[in-house]
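Here's the structure we're looking at; comments come further down.
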Amino acid sequence: MIDFELTELDQEILAEVRRQALICRKYARDLDENEAEFVPKELPEAKDFKNPFSLMSKHTEHDTPLSIMAMLVAAGASWGDYSVRMREDSGGLGNAALRASGTPEQIERWKDKRLAMAITEPSCGSDSKAIQTTAVLDGDEWIINGEKIFVTTGCRADGVVVWATLDKSAGRAGIKSFIIMKGAPGFEVTHKEKKLGIRADDTAAMVFKDCRIARDHLLGLNENIPKQGAGGFRAVMKTFNNTRPFVAAIGLGMAQAALDFTRDALAREGVEVDWDGGKHSRSAVQQELIEIEAEIEAGMLDALHASWLSGNGAPNNLEASIAKAKGGEVARTATSRCLELLGGLGITRDHLAEKWFRDARITDIYEGTGQIQRLIIAREILGYSSSELS
Amino acid sequence: MISFGPTEEQELIRETLREFAASELREAARPSDEASRLPDELLGKAWELGLASAAIPTEFGGDGTQRSPITNAIMLEELGHGCVSLAAAALSPSLFIHPLVDFGTEEQKREYLPLFTTSKYHAASLAFQEPSFTFDATNLKTFAEVKGDGYELSGRKRLVPMGDRASHFLVLARGGTREGLDDLEAFIVPRDAAGLTIAPELEKTMGLHSLPFVQLELDRVAVSAAARLGGADGIDGRRLLNSCRLGSAALALGLARAVMECAIPYAQERVAFGTPIARKQAIAFMLAEMQIEVNSMRWLIWKAASQLESGVDATRATTLAQTYVNRETMKIADNGVQVLGGHGFIRDYPMEMWYRNARTLTVLDGLCAL
């Protein structure tokens with residue numbers, strides 16, 4: 001049955017998320033200013049933080065399913081602060097890759113480690129089939145050589161899932177994922193990026209120089225390079241079908257924070273939307289508040305829809321990209337439009353609005369830019385392969 | 001509990017109407033647009049689907065299915081996908097039936113609902129739009145004045161759909177006793193009421209050619225107290241407006257999807273500089289954008305419709321949905337014309353008609369009710 005109402009339990013979970021978000025928000029400015037490494041467990045208030053999902057133990061079939069709640073929880077947490085939220089997260093993108101492609105033994109072995117994901121290289125981003133990092137089998141060890149950049153949480157992660165090619169001439173089919181833990185010989189984190197936003201969340205550059213890892217560190221343990229098709233690459237890309245709506249939800253949480261702040265700030269000075277009124281009775285600012293809210297709502301519903309599909313085990317390659325394309329665009333434009341409505345005071349560091357504007361900008365870039373998402377959507381609806389539409 | 005899954009019954013209705021829209025409405029769309037004529041036999045076929053009587057309880061002779069704005073949203077998207085003009089014509093009785101089911105007194109339901117339970121299409125309509133460029137529901141210029149035991153209605157209405165044959169009009173007016181939308185009242189006015197003048201819209205309209213519009217002049221039209229919808233309780237004006245606004249929005253969604261589904265194969269077939277234009281990002285991205293917005297529009301409409309269904313105030317959700325749908329439908333229709341290029345401008349293809357219909361539909365609220 002089509003339904004958009006939250007049950008009591010749904011609301012209880014989101015209320016706990018909001019409570020923690022408000023605490024995290026107190027630290028947001030300080031962490032941003034100092035780009036500080038930071039252990040969330042050390043928050044004075046953290047001792048009574050409980051995992052909102054632990055409340056799901058009371059979950060019944062009448063409550064909103066976990067796949068959808070995960071989106072609402074993500075948006076609710078980033079509403080407080082992006083970086084603090086990321087630090088509270090027990091796993092990175094690498095953990096999602098492990099769960100999606102690892103063997104049961106591999107999942108068991110590394111499930112408690114924080115794993116970053118290293119895909120991007122200095123000369124390849126969204127075009128991941130152009131990866132230059134190589135993996136060569138030498139006896140019972142892989143030798144990894146290459147350079148990775150823009151690795152989210154790469155500094156404080158326990159290890160990284162690294163994309164490397166076994167055979168450059170094989171294109172996508174030659175690309176495999178390897179788990180490389182910190183301390184492996186030849187693995188060095190070389191640099192921590194200074195960024196426009198999400199400053200307290202580390203972004204690492206790393207090199208692998210004749211880095212040796214055991215043969216069983218190949219994720220999924222499949223060493224074959226198929227002659228035709230993309231091989232395991234497509235399965236790896238599926239990781240992103242779940243993370244794309246999730247990333248969109250994180251961005252939309254920030255957009256919602258900006259809108260809530262803007263709405264409250266303007267209301268205190270007498271500017272409020274009259275929902276009864278028609279367009280002739282609204283000011284341009286009131287109309288803008290409505291438009292921004294509609295955009296955020298649309299983006300959030302797209303993310304919920306994509307996750308609803310994945311929760312039902314239905315394919316959602318198209319819908320995940322719709323969610324990411326829409327969410328990425330809304331995250332950056334809504335925060336910008338809010339700053340426009342707030343005027344001069346909005347850009348001061350007295351308030352977090354300017355930080356949300358900087359933080360949200362990444363949403364339309366990482367995990368596939370808005371343009372890459374549009375390519376995926378277009379290929380899906382046109383029935384084109386990546387070579388037919390590139 | 002958040003869910004995007006239609007019921008089996010809703011899936012079935014969607015399938016049935018998708019076929020009907022493709023075989024009947026789409027076929028008749030261009031000829032009736034060119035002739036500015038509504039094919040009566042088509043209204044009859046649509047009527048046989050039981051679209052109007054579904055919301056009427058069995059005690060008044062209807063099918064008694066629970067009145068469901070969500071089901072209606074699914075229905076209107078499909079019919080709008082065929083042709084918004086013919087769909088609006090087929091469903092304009094909902095402008096009368098749904099408010100009556102929602103707000104009518106027992107007596108009113110007993111008197112009027114059976115009109116719509118026979119096998120023949122029966123027209124009734126809603127008179128909402130007024131002759132003012134700054135027309136606004138909060139500021140109607142049609143007034144209901146208490147006169148003795150009844151009321152006297154005075155004012156002018158424009159663009160009343162199916163007014164050429166409607167047996168009754170639901171006339172929206174201000175009671176003059178309260179503020180804003182709380183002051184909104186609806187009166188059941190028969191076609192032959194003394195003081196009511198009905199004239200066709202002489203200059204026709206830019207879009208929705210097959211939908212006949214009339215203008216009404218109400219010169220101290222006397223009606224009894226029993227003609228006030230809802231009796232002493234009156235109506236929930238917000239609910240009525242939300243229902244009408246979402247009706248237009250759901251039709252617009254169907255139209256937008258039709259544009260997209262026409263632009264996609266065209267772009268795949270049309271070759272320029274040796275490749276289909278769909279393989280060029282400038283075009284492919286327009287098509288991707290259409291798909292993003294068609295989805296987004298649908299969820300916004302469904303969310304507002306679900307609030308209408310559960311009975312909570314859906315005004316905010318409706319405003320968000322309508323604002324979004326009006327803008328994005330126009331953008332999609334606009335890009336549809338652009339993808340087809342010159343073929344988007346000539347009347348061999350449906351695109352220019354959809355472009356006109358999109359602009360017409362997204363400025364009119366009272367075409368059908370959710």
Salt-bridge contact B:Arg298-B:Glu77 (side-chain N to carboxylate O under 4.0 Å) | yes
Flag the pair B:Arg174 and B:Glu185 as a salt bridge only when some basic side-chain nitrogen lies within less than 4.0 angstrom of an acidic carboxylate oxygen.
-> no
So what's closer than 4.5 Å to chain A heavy atoms on B:Ala278: side chain, backbone, both or neither?
-> both
A:Arg282 with A:Asp274: basic N within carboxylate O range, under 4.0 Å | no
Hey, which of B:Ile70, B:Asn139, B:Ile74, B:Thr138 has the most heavy atom pairs under 4.5 Å with chain A?
-> B:Ile70
Could you tell me which portion of A:Leu72 (side chain, backbone, both or neither) has an atom closer than 4.5 angstrom to a non-hydrogen atom of chain B?
-> side chain
Region of B:Pro265 that comes under 4.5 Å of a non-hydrogen atom in chain A | neither
Proximity breakdown for B:Ser310 and chain A, heavy-atom pairs closer than 4.5 Å = side chain
Below 4.5 Å from any heavy atom of chain B, which atoms of A:His305 appear? Answer side chain, backbone, both or neither.
-> both
Lys/Arg-Asp/Glu bridge criterion (N-O < 4.0 Å) met for B:Lys331, B:Asp334 = no
Tell me, for B:Arg279 versus chain A, whether the close heavy atoms (under 4.5 Å) come from the side chain, the backbone, both or neither.
-> both
Most heavy-atom pairs under 4.5 angstrom with chain A, which of B:Gln307, B:Met286, B:Gln291?
-> B:Gln291
Under 4.5 Å from a heavy atom of chain A, the part of B:Gln10 involved | side chain
Ion pair present between B:Arg316 and A:Glu297, side-chain N to carboxylate O less than 4.0 angstrom?
-> no
Return yes if a side-chain donor-acceptor contact under 3.5 Å exists between A:Glu319 and B:Asn295, otherwise no.
-> no
B:Ser306 versus chain A, the contacting section by heavy-atom distance below 4.5 Å | side chain
Looking at B:Ser3, B:Ser296, B:Ala288, which one has more heavy-atom pairs under 4.5 Å with chain A than the rest?
-> B:Ser3
Between B:Arg67 and B:Glu309, is there a salt bridge with N-O shorter than 4.0 Å?
-> no
